[in-house]
Structures are given as structure tokens and as C-alpha cells.
K.L.:
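Sharing a structure with you now.
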Amino acid sequence: MSDNKAITTRAADFSAWYNELIMRAELADYSPVRGCMVIRPNGYAIWEQMQANLDRMFKETGVQNAYFPLFIPQSFLAKEAEHVEGFAPEVAVVTHAGGKLLDEPLIVRPTSETIIGSMMSKWIQSYRDLPLLLNQWCNVVRWELRTRLFLRTTEFLWQEGHTAHASEAEAEAETLQMLAVYRKFQEDFLAIPVVTGRKTESEKFAGALRTYGLEGLMQDNKALQLGTSHNLGQNFAKAFDITFQSAEGSMDHVWGTSWGSTTRMIGGVIMTHGDDNGLICPPLLAQWQVVVVPIHKTDTERAQVLEAADRLAKDLRATGLRVHVDSREGIKPGAKYYEWEGRGVPFRLEIGPRDLANGTTMMARRTGGGKTSLPLAGLADVLHREIETMQRFLLDAARERREAGSLRHPKSKQEFIDFIEGGGGFVYAGWCGDPAVEAEIKEVTKATIRVLPDAEFRTGDAPTRCIWTGREAVAEAIWARAY
RNA sequence: CGGGGCGUAGCGCAGCCUGGUAGCGCGCUUGCUUCGGGAGCAAGAGGUCCCGGGUUCAAAUCCCGGCGCCCCGACCA
């Protein structure tokens, strides 16, 4: 009847595969409130690794962490015209508290530009107060119509950076610097090859001057935005009266940026690397990089093997590896292998009587390739190298897949349409810059311009004509259907 | 909000058409044997059949009305 042991394959139903993988790996669960999710320990551990590494990278650029409140006066939202238009429809509003109707409703933050802007206006007087580089790790709420675990939930966790600068050039430099930080993080840790670039007017952040984004291509050839970095210009500075006196004595509004990345990145990791057996977690993000499975028959063997396993784990941990010994009784080794594979653990070590006699252990990689017998001596060094190799392997494999799923410079509008309709990925083509054309392409193909890619991602010969209208192209654009 | 699907044990489902003792697989508990790729046997525990009305001697099953969830679309990180 129903086979409870295997999850739906990616080929059969990608969405079902994604959901079942999350349940099987115990990354998350549905909450009693529609659209919200519970992040379970296995999923939260991945988020903690993301946080720890991103946080360190932010701080290396001089950013400090702070915390701003969940509740924001409703009137704040309305102070920036585009901002309110963009966010008002999806904001949750608190109208009652303490058993009374509130004088002014409070919104639950969908993002914190407004409240941070209001505080910055108190804190900044002089060019000597600039730049002000802040970040906060928090939750935000956006009342989305349709939700998907990790990819889009009513409440989600993220970090939002907010900075203020003395000049437009400095703000632009900060915006691009953080885009580069995200890119490095996503390539080095998530092993997701992202394409960076500028967002079009229709896709930019509500209230920004310019938005830059990072896009990954998932295994179903749909694009996933994995982070954004906005140059806010003076929009919020003017709305919240954030001014400073320059060295020359003149008064000016500050130039702002904001940049964010979310728990959606976990969904990106799943859909980039996962296979039909479950999650494949890049080692640098894994809660457990190595799981040790002891193998034994008799009680005597059990005692000896467990002792050896614990000693091995201790030695490996001393070198910085995250190691778990699965010493549960009554579960056969094979069952443990399947369980840890489903959870995406990168490396498995089997240690049994034969290994004890030989001073070896059997190592298996989550990415395949069978088992290898390795000497216990020098094992930590081997594993550290294996981690590097696996990170690179995952990134390279994902990049190859992305390129294989991309179409550069279709010859005709029809080729463009056929490629998208046929389930293709990124299409690189010329665009005339007309928002009406962008909208029409979306209407016809459901594909949107993900980014106007940065130079290194563009195709050799720049397209001279718009793929849709034949008019002169103002830029090469990347189209795809997106999450 | 439009379209589709589904609510029965912790999970996955059958039973419903044709009303009559609530079942199967997995999981869980206990014991014995197993243990280098999802163990076997035995004995158990576990249910407001989504909710509310109606029809009937009798409703998981038929009728009416709700509610919830998932998937596809529009909005979006």
C-alpha cells in the first residue's frame, strides 16, 4: 500500500518532494496558524550556522547589531509614499491591546526602515556621526496570500541591515559591498552559485532608489531571490528628517541603504542540492558534519565500539568538526544510514569490530561514491579536506546545472517563449528598457526579469536588440519564472 | 479571492457508491532473537471517523450548512 519509506521524487512532483523532504528531515512543520511555520531543531541549526557566519562577515565590514521593536506606529508607514503603497496590503495591524482600542493602531513590522529611520534622525547630527552601520536579526510579518515552507511564510526570520552615509557615492558603495558579502556567503557556505545584478523599477524595493539582488536557479529551473541590497537614496531621510551638518557647515539629508536575507535561504539550499533521498546539506552549514554509527553484535563488542566511537568523536571535535555519535539501541545500522541521509548529514563514519582490529573506519559521503576505508590516524585532516572538497563539488555541480538550464541570446521571441514554456531556466536576452514590455512578457510567459546582470555574468557579445520588440537594447536581462 | 484535491489512530491511507461489531501499513510499548544498507516473531497500547444540524430503529457512510488544510493561479523575500 503506501510506502512510507521513500519520498516523492523530484521528477514526479517537485513541490511534493520539497514538502516531504522538509517533513522527513524534520526541518519544519506547519503551525496551527495558517501560513506560519514552526522551525524544528534540525532546521533551526542550519539557520544558526547561517547567522553565525553572516554575522561575522557583516561585523568585518564595521556593522554593529542592534534591536528595534516589533511594533511600529501605523503612521510611520505612510511617511514614505512608495513604501506605504508597497507594504500596506500585507501588513498586520494591532488595533486592540490591554483590553482597549488603541489610539493609534500599531503595525507588526514587515521591515524596519521606518522605525530605524525615526531613531536615526535622533542619533545623527553631524557628518562625524556617519556612517552609521546597523543590523538586526529579527522576525518580520508579511500577510502573504500564498505561503510555502521556508520560501514564503507569514512570519519569517531574517537580518536587516540599515546604514546612513554622508554621500550618495558612499551609500552606493555600501549597497554594493553588502551585495558582495551576500554573494560570497552564498557561494562559500550555501554552495549556491548566484547571479548578481540590478533589479528593474518594477521589481525594486518599495521606497528604494535602486535595488540589487542575488538569484539562484533551483533544480526545477525556477529562480529564487536569495537576498537584496537597496540604495535608498535620501527617500527615508527626507521622510524621517534624518539630517546632518557637513564639514563645510551645510545641512543635508543622509543617504541610506538597507539589505536583507532570510530563512528562505534554507529553502534555497534544499532546492539546489537535495536529491530523491532527502536533504544534502553543505558541510559548512550542517548541524552535524559527521555522524558516527557504531556497529556491534554482542554486549562486549558494543562496549568496545561505543568507547572507540566516543573517543573518535572527541578527537574530531577537538579539531572543530561537528560530530554526533548515533548510539541508539534497537535500531539497525542500515536504518540509521537512511535517517541521516534524509537529514542531509555530509559524512558518515561506520565503526565496528573489524575497524577496531584494523585501526580504521568506513567513511561515506552524502553526495555518493560508495564507502571508503580510512585509517583513524590523521582522520581529522582528511575530513577537513573532504569538507572543502564537498563544498566546492556542490557549488560546481549547481553552477553546471544552472548553465545547462540557461539559454543565452535566443534567436527569436518564439524561441524565448518555447524555452520558458518548456520548463527552462534563465534566459539571457536584450531588453529595450520599457516597463510595458517587461509586463507583457510576464503576462505571456510568467517569466520576470530577475536581474540586469552584473558584468561578469553577462554573455560575451552584448545583445543589441530587444528580444521582444526588436528595438535597441538598453541592457542584457535575465528572465525566469520565479518563486 | 478563483480553480482543483483532501479531512477516519502519531503519520500515510482503505472503508462511504449499496447505512448495521472501525480496519490496513508504518510508527509506538514490552519480551526474545537480530545487528557492516530500511530486522523477525510474539503480545499490547492508541479513535469526539473535522464541526453542527437533518433523515433513519440505526450514520464514518445519505442530505443540508459550516470550518480547516494542501496543491495550482493573482500579490510577494
Side-chain angles (χ1 to χ4, degrees), chain A residues 1-8 13-20 23-24 26 29-36 85-91 110-111 139-160 182 199 202-206 211 213-216 223-230 258-268 277 293-299 301-302 305 328-342 348-356 358 360-362 364 370-371 373 442-443 446 448 450 481-483:
Chain A
M1 205 66 75
S2 73
D3 183 359
N4 292 320
K5 291 187 171 174
I7 59 176
T8 301
D13 184 340
F14 196 80
S15 285
W17 166 80
Y18 178 79
N19 288 328
E20 288 172 25
M23 293 300 167
R24 179 65 62 89
E26 298 181 352
D29 205 346
Y30 295 102
S31 92
V33 177
R34 177 189 161 72
C36 293
E85 195 185 323
F87 280 104
E90 58 186 42
V91 158
T111 179
N139 58 340
V140 288
V141 168
R142 298 181 186 178
W143 217 261
E144 301 288 354
L145 298 178
R146 208 182 132 218
T147 57
R148 279 169 72 77
L149 294 172
F150 289 115
L151 303 179
R152 183 173 301 101
T153 46
T154 299
E155 177 189 4
F156 57 91
L157 305 185
W158 77 345
Q159 58 68 218
E160 48 178 328
Y182 285 139
K199 289 280 182 180
S202 69
E203 298 274 334
K204 80 170 189 193
F205 177 74
T211 289
L214 305 99
E215 295 282 328
L224 184 71
Q225 180 173 306
L226 287 157
T228 47
S229 188
H230 317 291
S258 69
W259 25 276
S261 64
T262 79
T263 36
R264 166 182 275 193
M265 289 190 288
I266 297 172
N277 295 321
V293 178
I295 292 160
H296 46 75
K297 289 191 172 80
T298 65
D299 284 347
E301 276 179 2
R302 178 178 151 77
V305 167
R328 289 175 297 174
E329 284 187 75
I331 300 174
K332 293 183 70 171
K336 292 180 180 178
Y337 303 163
Y338 279 95
E339 183 175 320
W340 293 113
E341 274 168 17
R348 182 182 76 235
L349 295 177
E350 302 166 18
I351 186 160
R354 290 207 295 270
D355 299 297
L356 253 49
N358 300 332
T360 58
T361 180
M362 281 295 229
K371 301 184 193 182
S373 180
K442 182 177 179 181
E443 181 70 27
K446 297 192 190 105
T448 50
R450 304 318 306 155
R481 287 181 180 167
Y483 277 99

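Just so it is clear, the values below take in all heavy atoms, side chains as well, and ignore hydrogens, waters and symmetry mates. Throughout, protein chains are lettered first and strands after them, A, B, ... in sequence-line order, and every chain is numbered starting at 1.
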K.L.:
May I have the distance from A/Tyr338 (atom OH) to B/rA39 (atom C1'), rounded to whole angstrom?
P.N.:
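Distance check: A/Tyr338 OH to B/rA39 C1' gives 13 Å.
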K.L.:
Rounded to the nearest Å, what distance is computed from the CZ atom of residue A/Arg148 to the P atom of nucleotide B/rC75?
P.N.:
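Interatomic distance, CZ of A/Arg148 to P of B/rC75: 16 Å.
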K.L.:
Strictly below 4.0 Å: does A/Lys442 bring a side-chain N or O up to OP1 or OP2 of B/rC75?
P.N.:
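Yes, within the criterion.
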K.L.:
For B/rC57 versus B/rG19, give the span between their P atoms, rounded off to a whole number of Å.
P.N.:
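Here B/rC57 and B/rG19 have their P atoms 15 Å from each other.
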K.L.:
Give one of base, sugar-phosphate or nothing for A/Thr228, where a contact means two heavy atoms less than 4.0 Å apart.
P.N.:
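Nothing, no heavy atom under 4.0 Å.
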K.L.:
Salt bridge (charged side-chain N to carboxylate O under 4.0 Å, His left out) for A/Glu26 and A/Arg24? Distances and angles first, verdict last.
P.N.:
CA-CA 5 Å; A/Glu26 298 181 352; A/Arg24 179 65 62 89; over 6 Å; no
K.L.:
Taking the C1' atom in each of B/rC51 and B/rG7, what is the distance between them to the nearest angstrom?
P.N.:
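The same atom, C1', in both gives a distance of 11 Å.
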K.L.:
Give one of base, sugar-phosphate or nothing for A/Thr153, where a contact means two heavy atoms less than 4.0 Å apart.
P.N.:
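The answer is base, as A/Thr153 lies within the cut-off (heavy atoms under 4.0 Å) of a base atom.
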K.L.:
Got a salt bridge between A/Lys336 and A/Glu350, using NZ or NE/NH1/NH2 to carboxylate O under 4.0 Å?
P.N.:
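No, no charged N to carboxylate O under 4.0 Å.
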K.L.:
Hey, does the side-chain of A/Glu341 have a donor or acceptor N/O within less than 3.5 Å of a partner on the base of B/rG37?
P.N.:
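Looking at the base of B/rG37, it does pair with a donor or acceptor on the side chain of A/Glu341 (distance under 3.5 Å).
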K.L.:
How many Å lie between CG on A/Asp29 and P on B/rC69, as a whole number?
P.N.:
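Result: 14 Å.
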K.L.:
Could you give the OH-to-P distance, from A/Tyr18 to B/rC70, as a whole number of Å?
P.N.:
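So the two atoms are 14 Å apart, to the nearest Å.
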K.L.:
Restricting to nitrogen or oxygen on both sides, can you table the protein-nucleotides 33-36 of chain B pairs closer than 3.5 Å?
P.N.:
residue: B/rC35; atom: O2'; partner: A/His296; partner atom: O; Å: 3.2
residue: B/rC35; atom: N4; partner: A/Lys297; partner atom: O; Å: 3.1
residue: B/rG36; atom: N7; partner: A/Arg354; partner atom: NH1; Å: 3.4
residue: B/rG36; atom: O6; partner: A/Pro353; partner atom: N; Å: 3.2
residue: B/rG36; atom: O6; partner: A/Arg354; partner atom: N; Å: 2.6
residue: B/rG36; atom: N1; partner: A/Asp355; partner atom: OD2; Å: 2.6
residue: B/rG36; atom: N2; partner: A/Asp355; partner atom: OD2; Å: 3.0

K.L.:
Without decimals, in angstroms, what is the distance between A/Glu90 CD and B/rA74 C1'?
P.N.:
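Atom-to-atom, A/Glu90 to B/rA74, this comes out as 14 Å.
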K.L.:
For A/Phe205 together with A/Phe87, are the ring centres under 6.0 Å from each other?
P.N.:
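Yes - the distance between ring centres of A/Phe87 and A/Phe205 falls below the 6.0 Å cut-off.
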K.L.:
Measure from CD on A/Glu329 to C1' on B/rC32 and round the result to the nearest Å.
P.N.:
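Rounded to the whole Å, the gap is 15 Å.
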K.L.:
What is the distance from CD of A/Glu339 to P of B/rG27, rounded to the nearest Å?
P.N.:
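Nearest whole value for this atom pair: 12 Å.
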K.L.:
In whole Å, what separates the P atom of B/rC16 from that of B/rA58?
P.N.:
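Result for the P pair: 22 Å, nearest Å.
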K.L.:
Give the nucleotide from the list B/rC71, B/rA74, B/rG38 with an atom nearest to the side chain of A/Asn19.
P.N.:
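Out of B/rC71, B/rA74, B/rG38, the nucleotide with an atom closest to A/Asn19's side chain is B/rC71.
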K.L.:
Over 60° means perpendicular and under 30° means parallel, so tell me whether A/Phe156 and A/Trp158 are parallel, tilted or perpendicular.
P.N.:
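Taking A/Trp158 first and then A/Phe156, their aromatic rings stand perpendicular (interplane angle over 60°).
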K.L.:
Looking only at atom P, what distance separates B/rC1 and B/rC62, rounded to whole Å?
P.N.:
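Nearest-Å result for B/rC1 against B/rC62 at atom P: 28 Å.
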K.L.:
To the nearest Å, give me how far apart CH2 (A/Trp340) and P (B/rG37) are.
P.N.:
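Distance, rounded to whole Å: 19 Å.
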K.L.:
With sequence neighbours excluded, what pairs up with A/Glu301 under the side-chain contact (heavy atoms from CB on, under 4.5 Å) test?
P.N.:
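Once residues adjacent in sequence are excluded, the partners of A/Glu301 under the side-chain contact (heavy atoms from CB on, under 4.5 Å) criterion are A/His296, A/Lys297, A/Thr298, A/Pro353.
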K.L.:
In whole Å, what separates the P atom of B/rU21 from that of B/rA59?
P.N.:
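My reading of the P atoms in B/rU21 and B/rA59 gives 11 Å.
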